[in-house]
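For reference, the structure is listed below as structure tokens.
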2 protein chains.
Amino acid sequence: MQSVWEALADPHRRKILSLLKGGEMSVSEIHAHFDFSGATLSHHLAKLKAAGLVITRRKGQQIIYGVHMSVFEEAAQAVSDMFRREEESP
Amino acid sequence: MQSVWEALADPHRRKILSLLKGGEMSVSEIHAHFDFSGATLSHHLAKLKAAGLVITRRKGQQIIYGVHMSVFEEAAQAVSDMFRREEESP
DNA sequence: TAGACATTTAGATAATTCTCTAAATAATAA
DNA sequence: TTATTATTTAGAGAATTATCTAAATGTCTA
């Protein structure tokens with residue numbers, strides 16, 4: 001989970017995740033939403049991938065990124081646990 | 001909200017928040033749960049405070065920290081928005 | 001096969017973060 | 001007032017991060 005928290009700490013990476021929640025995208029489609037270089041985008045994507053939050057598949061020359069739903073939902077659970085009050089029990 | 005995400009990115013700070021969810025504590029009470037110096041703890045507390053996640057009051061020589069509930073709940077909302085699926089509408 | 005396109009990797013740099021010790025500030029106790 | 005306790009601030013060093021350009025890799029098309 002630590003890598004998930006770190007992945008979410010960066011606003012660019014949260015924006016990438018939000019974009020991907022709307023559906024799969026290639027790297028260049030994602031890149032169109034940002035001002036930094038492709039190498040920098042690649043670095044952010046690698047962090048999201050290391051956290052398990054995204055999955056990739058190749059489609060010809062492109063790499064398609066999508067949210068990894070099972071991990072995303074585990075993360076949602078862990079994060080909401082962080083905010084759950086003590087008195088609320090499962 | 002950015003400072004909230006940054007505050008939550010560090011495991012020590014998440015642990016501090018968890019401790020405080022169990023009730024208010026002085027700095028030295030919090031310190032008893034960690035191995036690093038008081039100065040380092042102070043740095044982490046300052047980040048939590050900058051994010052608005054905790055509030056403080058003085059009690060004699062001690063500073064008592066507690067979770068700032070209204071901000072904590074706003075943060076919970078923002079975080080859960082991050083994880084909400086597109087198709088789920090409010 | 002050669003060249004073009006899409007993406008990642010390597011290597012470098014500047015900025016930020018975590019941590020420490022030492023010093024400063026605030027409140028209490030002797 | 002002086003000493004003691006609790007906490008924060010200052011200043012510095014090591015580690016990490018975000019970013020860049022250039023080079024490498026993988027795929028497609030002419």
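The figures here come from the full heavy-atom set of this structure, side chains too, leaving out hydrogens, waters and symmetry mates. Residue numbering restarts at 1 for every chain, and letters A, B, ... go by the order of the sequence lines.
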Separation of [X] atom [atom1] from [N] atom [atom2], in whole Å?
X	N	atom1	atom2	answer
A:L45	C:dT7	CG	C1'	10 Å
A:K49	C:dT7	NZ	C1'	11 Å
A:Q62	D:dT25	CD	C1'	16 Å
B:H31	D:dT7	NE2	P	10 Å
B:I64	D:dT5	CD1	C1'	14 Å

Heavy-atom closest pair, residues A:L53 and A:A75: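 Nearest heavy atoms, A:L53 then A:A75: CD2-CB, 4.2 Å.
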
Go through the structure and list residues passing side-chain hydrogen bond (donor to acceptor under 3.5 Å, both in side chains) with [X], not counting sequence neighbours.
X	result
B:S28	none
B:S3	none
B:Q77	B:D81
A:K49	A:T56

Any side-chain N or O of B:S28 less than 4.0 Å from the OP1 or OP2 oxygen of D:dT5?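 Result: no.
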
Heavy atoms only, 4.0 Å cut-off, all strands: where does B:Y65 land among base, sugar-phosphate and nothing?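 Sugar-phosphate contact only - B:Y65 comes under 4.0 Å of backbone atoms but never of a base.
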
I'd like to check the ring pair (Phe, Tyr, Trp, His ring centres under 6.0 Å) partners of A:H68; sequence neighbours left out, ordered by chain and number.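 Applying ring pair (Phe, Tyr, Trp, His ring centres under 6.0 Å) to A:H68 gives none.
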
Per-nucleotide protein contact string for nucleotides 13-26 of chain C (B base, S sugar-phosphate only, - none; heavy atom under 4.0 Å): ----SSBBB----S

Nearest listed nucleotide, side chain of A:S26, among D:dA6, D:dT8, C:dT7: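 My answer, after comparing the listed nucleotides, is C:dT7.
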
